[in-house]
J.: 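Input: one structure, supplied below.
For ligands, and for the atoms within them, numbers begin at 1 and follow the listed sequence. The basis for the numbers below is simple: all heavy atoms, side chains too, and nothing from hydrogens, waters or symmetry mates.
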Amino acid sequence: MTSERSKTYEKVVTPSSGLRLHLNENTAGCSPRVFEALHAITRQRAALYPDYDTARQATATRLAVPVQEVLLTNGLDEGILAAAVAALRPQGLSAAAPSSSAAFTTPEAIVVVPAFDMYGVCTSAAGGRVVNVPLAADFSFPLREVLAAAGAATRVVFLTNPNNPTGQLIPRADIIEILRVLPQALVFVDEAYADFAGESLIGDVEARTYRNLVIGRTFAKAYGLAGIRAGAVIAHTDTLAPLSQVVPPYSINVYAAAALAAGLNDAQHYDWYLAQVRESKSLVYEALGKLGLRYWRSAANFVLVNVGGRVTQVVADLAERGVFVRDRSRDHGCAGCMRVTTGVVEHTRVFINALEEVL
Ligand SMILES: *Cc1c(COP(=O)(O)O)cnc(C)c1O
């Protein structure tokens, strides 16, 4: 367990051309219906503050939750920020006289690492302290260590299910246990990749009885709206209220609102993309197996593979061939590893050919 005081997001250099398999984006693009909806926005509508009723209802319908349990956010990143601020801001400040500041303990966020950078970044931004709990060496979920790291200062626990970058799922019973044992903390379950895993806590009746559960979703990955910026946070209305306070009233722009309403209704494009991802993963597993490389079967739209000590060179050599993958070798427990997005099958074949050449 380590703790750190401040963290910044490592923004990766974005290539202007080539095959972007480094950010887990949708490599097929959004639904054509989204594109039509964006084009239908008039000059007049662009000039008005947006109304979210239709987008929010479409999101609630698609995710099968009551509309009052949905908070739309400017990407899931904003949902993470809202949860961090809501959970970590000083509470009951008025009761504490300045002289009693010695009694003030810095609120803490538990982050299971390796993890998406934004949990640490937002915790720091909100004035909290990050308590990192590492995954086991085989990437299994460290339930005992998470519970041991939790204390009176713990206000939020960030979990990613399935995990990025390992692609591993957290056992459902472990999440339930954390919800049960830490009622004073928000348990933020980031389901950015749940579409690909085919499982979610949203419809889990038992999990949803815990008021400290907050579920994060994004439409950046499976729905291809990363550039549009659209995410959602799902929680019981009482739990959601302090997060809603943090999100500005017009955080989602008119294009994102229109894109959501259109994109969420195009099940055909979504199902097709999920099938592409499944096929891409099989092809990658097969190729990596033949190359004798260690990899982890993934519940998401990417695969983590260990190419060994030459990883940085391999990533550079792939980039030279126009194929961009993410070097994850400096992540906790990921020495020698890189992560590749598995989207459109045709793109995956380009990656596999390039990798075979490079090695
Ligand atoms: C991509 C990603 C997000 C951010 O999604 P946006 O909607 O693009 O902000 C959140 N969590 C995880 C784990 C991600 O990989």
J.: Could you give me the CA-CA distance, side-chain angles and deciding distance for L225 and L260, then say whether side chain to side chain contact (heavy atoms under 4.5 Å, CB included) is met?
T.: CA-CA 9 Å; L225 300 180; L260 270 182; 4.3 Å; yes
J.: Considering non-hydrogen atoms of the protein only, which is the closest contact for atom 7 (O) of ligand 1, and what is the distance?
T.: T218 OG1, 2.5 Å
J.: Between D190 and ligand 1, which residue portion shows a heavy-atom distance shorter than 4.0 Å: side chain, backbone, both, or neither?
T.: side chain
J.: Need the ligand 1 atom indices (1-based, order shown) with element for anything under 4.0 Å from a heavy-atom of T160.
T.: 13 (C)
J.: Would you say the side-chain atoms of R62 and Y223 include a donor-acceptor pair closer than 3.5 Å?
T.: yes
J.: Taking all atoms of both residues into account, what is the closest heavy-atom pair of C334 and L304, and its distance?
T.: SG-CD2, 4.2 Å
J.: Which atoms of ligand 1 sit under 4.0 Å from any heavy atom of A220?
T.: 7 (O), 8 (O)
J.: Is a salt bridge present between R208 and E69, judged by a nitrogen-to-oxygen distance below 4.0 Å?
T.: yes
J.: When you measure from the heavy atoms of R229 to every atom of ligand 1, does any distance fall below 4.0 Å?
T.: yes
J.: To the closest 0.5 Å, what do you measure between CG (D327) and CD (Q313)?
T.: 11.0 Å
J.: Strictly under 6.0 Å, is that where the ring centroids of F351 and H347 end up?
T.: no
J.: Would G75 count as a contact of ligand 1 if the rule is a heavy atom under 4.0 Å away?
T.: yes
J.: Answer with side chain, backbone, both or neither: which part of E78 has a heavy atom less than 4.0 angstrom from an atom of ligand 1?
T.: neither
J.: Return the orientation label for the W296 and F139 ring planes: parallel under 30°, perpendicular over 60°, tilted otherwise.
T.: tilted
J.: With heavy atoms only and a cut-off of under 4.0 Å, state how D77 meets ligand 1: side chain, backbone, both or neither.
T.: both
J.: Mark up the atoms of ligand 1 that fall under 4.0 Å of a heavy atom belonging to K221, in ascending order.
T.: 1 (C), 2 (C), 3 (C), 14 (C), 15 (O)
J.: Distance to 0.1 Å, residue and atom name: give those for the protein heavy atom nearest to atom 6 (P) of ligand 1.
T.: L76 N, 3.4 Å
J.: In ligand 1, which numbered atoms sit nearer than 4.0 Å to a non-hydrogen atom of N164?
T.: 15 (O)
J.: Assess the pair Y193 and F302: is the distance between their ring centroids shorter than 6.0 Å?
T.: yes
J.: Below a 4.0 angstrom heavy-atom separation, can you tell me which part of Y193, side chain or backbone, both or neither, approaches ligand 1?
T.: side chain
